[in-house]
Undergrad: 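After the structure tokens below, expect a handful of questions from me.
On a predicted model such as this, the values are computed, not experimentally measured, just so you know.
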Amino acid sequence: MIRKILCMLLIISSFCGLGAQGLIYKLEQLVNPEMLPQYRPEVIRQFSSYDTTGGYDDGFSGKYSFIHMEGDKQILAEMTGPGVISRIYTPTPTEDITEFYFDGELTLRIRMPFSRLFTGNQFPFLNAVCDHEVGGYYCYLPMPCQKSCKMLYNGKMLFWQLHYRTYPEGTHIKTFSPDWDETEVAALNKTVGIWRKYGTNILDKSYKNFIIKTTEIRLNPGESMRVFNSRKGRRIIGIEIEGSDKLQKNDNRTILKAKWDNDNSWSLKAPLKDMFGYYFGKKGMRSLLAGSSGDISYLYYPMPFSHNALVEIELPGDDQTIWATVNLLVRVFYQERPRDENEGRFYAHWRRNIDLPTGEP
């Protein structure tokens, strides 16, 4: 009973934090990895150009890219209840006007060309929280609302997505306003500054203290080596590997494995190169939390555990296999702080199997 009460208090305090500082709270979530494992009693939904009839007309004609018409404008999204727009994406930005109405008001709070959401040069839609990369244009600026939000489009929408989150009834959150106070501007500038430094080690900026365990490994085919082991609750906050770019171009055999809290099977098991975003043997990703930069491949996802943990690197094979030896330098960053009651554990799996029997995952 005490545990249940504590858990409810954690949830309540978490959402009291939304309150009048809702925008600051959401901006902090974009840059604070410590918040990632926390359970959140929220529902994530999407509006998009996806053809839900199964006809594959996903934005090509625009038939399924809006809900209905209001006069000569398309209604792209309608949300009710306390919540926040957390992401808008498109590969086809246009100069057509988009409008946002909040909380049933008759006065617009946002009216601008659709493309301006992504150019990154108009406050508060700033680079790199709003930008474009290979694959499309994105906006991660949080736009919270207390009662409702409606998005209109004065044109013909084609390909697009909007993600939003709704909170439990009774949650108080400050609705988005074009007029920001000093603390909100400072929070946005902090977020923008950190996002622009993607590809660098963010741990010094995110955590007050941590320990680094460094291991040099040399693996022959068929061998596995432990790089981290703990018999107490801790949290891994980062893994860096030097030398992964020296693996054979299409070598997808070297495996990163981890197990938390006496799990019967590996909690994390995937090829090194896939975990760090290699693409056909080459570096293909550099983000805030995972990727490669120079000779270092990195994961800065928090991985809390309650009782024990084991992390290994494996090179599958046998004595008859003629593969090159793997030489790597591995750094595991961790804190001597166990997993909290309101936190999940990190799981990631990559499967090699094809043509599995029916019913097998």
Undergrad: Nearest 0.5 angstrom please: E78 CD to S148 OG, how far?
TA: 9.0 Å
Undergrad: Search all heavy atoms of R165 against all heavy atoms of S86 and return the closest pair with its distance.
TA: NE-OG, 3.7 Å
Undergrad: Is it true that R235 and E343 make a salt bridge, defined as a side-chain N closer than 4.0 Å to a carboxylate O?
TA: yes
Undergrad: With a 4.0 Å cut-off on N to O distance, would you call K150 and E105 a salt bridge?
TA: no
Undergrad: If we only count heavy atoms from C-beta on, is the Y64 to D57 side-chain gap below 4.5 Å?
TA: yes
Undergrad: How would you list, by chain and number, every residue that makes a ring-ring contact (aromatic ring centres under 6.0 Å, His included) with Y138, sequence neighbours excluded?
TA: Y140
Undergrad: Students often mix this up, so state it plainly: with edges at 30° and 60°, are the rings of F176 and F125 parallel, tilted or perpendicular?
TA: tilted
Undergrad: State, yes or no, whether a side-chain contact exists between L268 and Y301 at a heavy-atom distance under 4.5 Å.
TA: no
Undergrad: May I have the step-by-step check of side-chain contact (heavy atoms from CB on, under 4.5 Å) for K26 and V84, ending in yes or no?
TA: CA-CA 9 Å; K26 298 304 297 184; V84 60; 3.8 Å; yes
Undergrad: Does the side chain of I212 reach to within under 4.5 Å of the side chain of V332, using non-hydrogen atoms?
TA: no
Undergrad: Atom OG1 of T254 and atom CG of L272: how far apart are they, to the nearest 0.5 Å?
TA: 5.5 Å
Undergrad: Give a yes or no on whether Q122 atom CD has more than 12 heavy-atom contacts from other residues, nucleotides or ligands under 6.0 Å away.
TA: yes
Undergrad: Would one find more than 12 heavy atoms of other residues, nucleotides or ligands at under 6.0 Å from atom OH of Y198?
TA: no
Undergrad: Compute whether any side-chain donor of one residue and acceptor of the other, for N308 and R231, lie under 3.5 angstrom apart.
TA: no
Undergrad: Which atom pair, heavy atoms only, marks the closest approach of S115 to E95?
TA: OG-OE2, 2.6 Å
Undergrad: With heavy-atom distances below 4.5 Å as the criterion, would you say the side chains of W160 and L76 are in contact?
TA: yes
Undergrad: Before accepting this row, confirm whether a basic side-chain N of the pair R331/E242 lies closer than 4.0 Å to the acidic partner's carboxylate O.
TA: yes
Undergrad: Using the rule side chain to side chain contact (heavy atoms under 4.5 Å, CB included), only one of L117, L141, T98 pairs with I88; which is it?
TA: L117
Undergrad: Should we say atom NZ of K63 is surrounded by more than 12 heavy atoms from elsewhere, each under 6.0 Å from it?
TA: no
Undergrad: Could you walk me through whether K213 and F228 pass the side-chain contact (heavy atoms from CB on, under 4.5 Å) check?
TA: CA-CA 8 Å; K213 184 182 186 302; F228 181 81; 4.2 Å; yes
Undergrad: With a 3.5 Å cut-off and no angle check, do the side chains of Y279 and D274 form a donor-acceptor pair?
TA: no
Undergrad: Aromatic rings F118 and F114: how do their planes relate, parallel, tilted or perpendicular, breaks at 30° and 60°?
TA: perpendicular
Undergrad: Who passes side chain to side chain donor-acceptor pair (under 3.5 Å) against N189, sequence neighbours left out?
TA: none
Undergrad: Can you tell whether the side chains of E314 and K269 come within less than 4.0 Å, N to carboxylate O?
TA: no
Undergrad: Give, for atom CG of L152 and atom CG of D72, the distance between the pair rounded to the nearest 0.5 Å.
TA: 10.0 Å
Undergrad: Does any donor atom in the side chain of R234 or Q335 lie under 3.5 Å from an acceptor atom in the other side chain?
TA: no
Undergrad: Roughly how far, to the nearest 0.5 Å, is the CE atom of M285 from the OG atom of S292?
TA: 7.5 Å
Undergrad: In the structure I gave you, are the side-chain heavy atoms of L315 and N220 within less than 4.5 Å of one another anywhere?
TA: no
Undergrad: Just checking, is any N or O donor in the side chain of T94 or Y153 under 3.5 Å from an acceptor N or O on the other one?
TA: yes
Undergrad: Could you check whether any side-chain N or O of S267 sits under 3.5 Å from a backbone N or O of W260, counting only pairs where one atom can act as donor and the other as acceptor?
TA: yes
Undergrad: Side chains of R45 and T166: any donor to acceptor distance under 3.5 Å?
TA: yes
Undergrad: Are there more than 12 heavy atoms of other residues, nucleotides or ligands under 6.0 Å from atom CZ of R116?
TA: no
Undergrad: When you measure from the side chain of H349 to the backbone N and O of W266, does any donor-acceptor pair fall under 3.5 Å?
TA: yes
Undergrad: Over 60° means perpendicular and under 30° means parallel, so classify the ring planes of Y207 and F210, tilted if in between.
TA: perpendicular
Undergrad: Checking side chain to side chain contact (heavy atoms under 4.5 Å, CB included) against L188, which of L23, L30, T183, L126 comes through?
TA: L126
Undergrad: Does E28 come within less than 4.0 Å of K190, counting only side-chain N to carboxylate O?
TA: yes
Undergrad: So among L108, T107, T175, which one has a side chain to side chain contact (heavy atoms under 4.5 Å, CB included) with F102?
TA: T175
Undergrad: Indicate yes or no: does K259 engage E312 in a salt bridge with an N to O separation below 4.0 Å.
TA: no
Undergrad: Same hydrophobic cluster for L36 and L203, using side-chain heavy-atom links shorter than 4.5 Å among ILVMFWY?
TA: yes
Undergrad: Output, in order, the C-alpha distance, side-chain angles, deciding distance and verdict of side-chain contact (heavy atoms from CB on, under 4.5 Å) for Q74 and H68.
TA: CA-CA 6 Å; Q74 293 181 337; H68 56 83; over 6 Å; no
Undergrad: Under a 4.5 Å side-chain heavy-atom rule over Ile, Leu, Val, Met, Phe, Trp and Tyr, are M225 and L328 clustered together?
TA: yes
Undergrad: How long is the straight-line distance from CZ of F333 back to CD of E240, given to the nearest 0.5 Å?
TA: 3.5 Å
Undergrad: Under a 4.5 Å cut-off applied to non-hydrogen side-chain atoms, are C149 and Y101 in contact?
TA: no
Undergrad: When Ile, Leu, Val, Met, Phe, Trp and Tyr are grouped by side-chain heavy atoms lying under 4.5 Å apart, directly or through other members, which residues fall in the same group as L158?
TA: F60, F159
Undergrad: What is the minimum heavy-atom distance between I67 and F47, and which atoms define it?
TA: CD1-CE2, 3.6 Å
Undergrad: Would you say the side chain of P304 lies within less than 4.5 Å of the side chain of P37, judging by non-hydrogen atoms?
TA: yes
Undergrad: Any chance you could lay out the side-chain contact (heavy atoms from CB on, under 4.5 Å) test for L162 and M79, step after step, and finish with the verdict?
TA: CA-CA 11 Å; L162 180 148; M79 296 147 280; 4.2 Å; yes
Undergrad: Check the side chains of D51 and Y56 for a donor-acceptor pair under 3.5 angstrom, ignoring hydrogens and angles.
TA: no
Undergrad: Do S306 and R339 have side-chain N/O donor and acceptor atoms under 3.5 Å apart?
TA: yes
Undergrad: What distance do N121 atom CG and F123 atom CZ have between them, rounded to the nearest 0.5 Å?
TA: 13.5 Å
Undergrad: Can you check whether K174 reaches E184 side chain to side chain, under 4.5 Å on heavy atoms?
TA: yes
Undergrad: Hydrophobic clustering (ILVMFWY, side-chain heavy atoms < 4.5 Å, transitive) - are I85 and M112 grouped together?
TA: yes
Undergrad: Identify the heavy atoms of P144 and I173 that sit nearest to each other, and give their distance.
TA: CB-CD1, 3.5 Å
Undergrad: Could you go through the ring pair (Phe, Tyr, Trp, His ring centres under 6.0 Å) check for F276 and Y278 one step at a time?
TA: CA-CA 6 Å; F276 297 118; Y278 279 67; 7.5 Å; no
